[in-house]
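Below: the structure, in structure tokens.
Values below: all heavy atoms of this structure, side chains included; hydrogens, waters and symmetry mates excluded.
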Amino acid sequence: MSPASSSSGPVLTPRQVVLILFALAMGGFAIGTSEFVVMGLISDIARSLGVTEPQVGHVISAYALGVVVGAPLLAILGNRLSRRSLLLCLMGFYAVGNLASALAPGYVPLMLARFVAGLPHGAYFGIAALVAARISPPEQRGLAVGRVMLGLSIALLVGNPLATWLGQAFGWRWAFGLVTLLALATVTMTMRVLPRGMNAPRPDALRELRDFNRKPVWLALGIGAIGFAGMFCVFSYLAPTLVHVTGVRESFVPFGLIAFGIGGILGTLGGGWLFDRFGFRAVPRVLLWSIAVLLVWPLAAKSPWTVLPTVLAVGTMGALATVLQAHLMDVAREAQTLAAASNHSAFNFANALGPWLGGMAITAGYGWTSTGIVGAATAVGGLLIYAWARADLRRGEAAADEMA
């Protein structure tokens with residue numbers, strides 16, 4: 001790889017580029033570990049705080065709502081800062097939010113701390129992706145962004161099971177302590193390896209908002225916000241489902257998380273392949289697969305022999321994130337930064353919606369596996385929004401053909 005260069009910044013050696021990408025991916029690893037750690041420790045947190053497991057599901061929703069609010073807000077407010085400064089501020093903020101989570105004295109303070117921790121999540125990934133593309137040769141920018149996002153995938157496979165084991169062995173607060181250390185390590189390494197002056201020209205803020213506020217963008221975000229909720233609906237209550245329905249010990253839960261992590265990596269890779277082959281038409285294929293998997297879940301969860309393959313299949317539903325992110329790049333025009341951050345808002349809206357709906361079904365007495373049926377219903381909702389978006393695109397193409 002040739003040294004990366006920029007018209008407005010210093011020339012970087014291949015070693016510098018690798019170190020910067022590693023630092024950015026480390027931040028993704030910290031975020032991925034924190035985002036999903038409550039799902040593996042839901043029973044431990046419930047016992048410790050004297051609340052029910054569905055109530056702890058609302059803690060997951062609080063974090064997700066923080067991402068929904070923070071991603072576009074911080075992306076806009078941070079527009080005056082350099083990319084380097086903004087990355088450092090966002091990850092420092094993330095360390096504070098997770099430290100507050102570790103020290104929370106009760107249920108309500110933990111809810112507030114998780115909301116605060118979620119605020120920098122989406123903006124960090126959006127800015128990190130732009131920096132990764134900026135420091136890499138044009139022909140390797142997609143690969144560079146993928147390496148940053150790989151931190152999130154590896155967190156599902158390694159970070160989340162490790163944090164779950166740590167929380168089960170020493171107490172759930174230690175899991176958030178681990179994330180705090182990872183975030184601080186990211187700040188330190190980013191400060192050392194990412195030079196100043198790596199900024200790219202930014203579009204006019206009003207132009208970016210105007211391009212963002214268009215129907216194709218909002219419909220794409222809507223597909224993720226609704227259609228992706230099913231995965232979180234099942235995954236959020238995976239630990240108690242394994243214990244109460246499958247009949248395994250809590251020490252088995254990390255294996256379920258590993259299976260989900262493997263599925264997440266396969267989904268990320270498969271989503272890219274699907275989009276390259278089918279474009280926007282990959283969306284219904286992923287959603288139909290999701291519906292099938294979620295409808296099988298109530299039966300598969302009853303046996304240790306079928307539950308792990310099905311959990312892996314649930315993880316592959318993450319392909320929708322890759323497909324929609326690629327589609328947003330096609331329709332966002334000059335609103336690339338805001339769209340990249342808002343994509344994480346949409347999926348974390350799903351992360352809030354899924355546990356909330358699943359928790360209501362469980363509390364109403366429909367059982368732990370009712371999350372599969374509820375999740376399948378949300379995937380159907382995503383299909384309906386896709387049909388709307390597809391029809392809108394066809395109308396736009398027909399109007400363009402008439403003008404030509």
Side-chain angles (χ1 to χ4, degrees), residues 153 156 215-238 241 259-302 306-331 343 346-355 357-358 361 366 369-395 397:
S153 300
L156 288 170
K215 188 185 292 186
V217 175
W218 283 102
L219 289 176
L221 295 175
I223 294 169
I226 304 300
F228 209 38
M231 189 192 82
F232 293 110
C233 189
V234 169
F235 186 53
S236 297
Y237 299 101
L238 176 62
T241 301
F260 182 85
I262 294 172
I265 292 175
L266 293 176
T268 299
L269 298 174
W273 178 84
L274 283 170
F275 186 82
D276 287 341
R277 185 166 183 178
F278 300 107
F280 191 39
R281 291 179 293 113
V283 170
R285 288 167 168 80
V286 177
L287 288 174
L288 288 171
W289 164 251
S290 301
I291 292 169
V293 171
L294 292 167
L295 290 177
V296 167
W297 175 246
L299 294 175
K302 295 179 180 180
T306 55
V307 71
L308 288 183
T310 309
V311 170
L312 188 150
V314 171
T316 64
M317 292 163 57
L320 187 62
T322 305
V323 171
L324 289 176
Q325 183 65 71
H327 175 65
L328 277 168
M329 292 175 66
D330 290 340
V331 300
N343 193 40
F347 286 113
N348 277 274
F349 180 88
N351 194 3
L353 181 64
L357 293 175
Y366 291 104
T369 58
S370 63
T371 54
I373 306 301
V374 173
T378 64
V380 171
L383 270 177
L384 293 176
I385 300 174
Y386 165 79
W388 182 6
R390 185 68 180 169
D392 187 70
L393 285 174
R394 285 174 177 168
R395 283 194 296 269
E397 291 169 356

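When atom types are taken as modelled, the side chain of Thr371 and the backbone of Val234 share no donor-acceptor pair closer than 3.5 angstrom. Of the possible polar contacts, none joining the Thr316 side chain to the Leu266 backbone as a donor-acceptor pair under 3.5 Å is found.
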Side chain to side chain contact (heavy atoms under 4.5 Å, CB included) between Leu238 and Val314: does it pass, once the steps are laid out? CA-CA 11 Å; Leu238 176 62; Val314 171; over 6 Å; no
Test side chain to side chain contact (heavy atoms under 4.5 Å, CB included) on Leu294 and Met317; report intermediate values, then the result. CA-CA 10 Å; Leu294 292 167; Met317 292 163 57; 3.8 Å; yes
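Once rounded to the nearest 0.5 Å, the distance linking CH2 of Trp297 with OG1 of Thr369 reads 9.0 Å. Arg395 contributes atom CZ, which lies 6.0 Å from atom NZ of Lys215 (distance to the nearest 0.5 angstrom). Distance CG/Leu357 to CZ/Phe232: 13.5 Å, rounded to 0.5 Å. Taken from CG in Leu328 to CZ in Phe280, the straight-line distance is 9.0 Å, to the nearest 0.5 Å. Separating the OH atom in Tyr386 from the CG atom in Leu393 is a distance of 8.5 Å, to the nearest 0.5 Å. The structure places CG of Leu287 at 9.0 Å from OG1 of Thr378, a figure rounded to the nearest 0.5 Å.
Taking every heavy atom of both residues into account, Ala225 and Leu353 meet most closely at O-CD2, 4.1 Å. Val331 approaches Val217 most closely through the heavy-atom pair O-CG2, 3.8 Å. Across all their heavy atoms, Gly358 and Val374 have their closest contact at N-CG1, 4.5 Å. Of all heavy-atom pairs spanning Ile223 and Ala389, the tightest one is CD1-CB, 4.5 Å. Nearest heavy atom pair, residue Pro216 against residue Asp392, reads CG-OD2, 4.2 Å. Considering all non-hydrogen atoms of both residues, Ile291 and Ala379 come closest at CG1-CB, 3.5 Å.
Aromatic ring pairs are classed by plane angle as parallel below 30°, tilted from 30° to 60° and perpendicular above 60°; the pair Phe347 and Phe228 is perpendicular.
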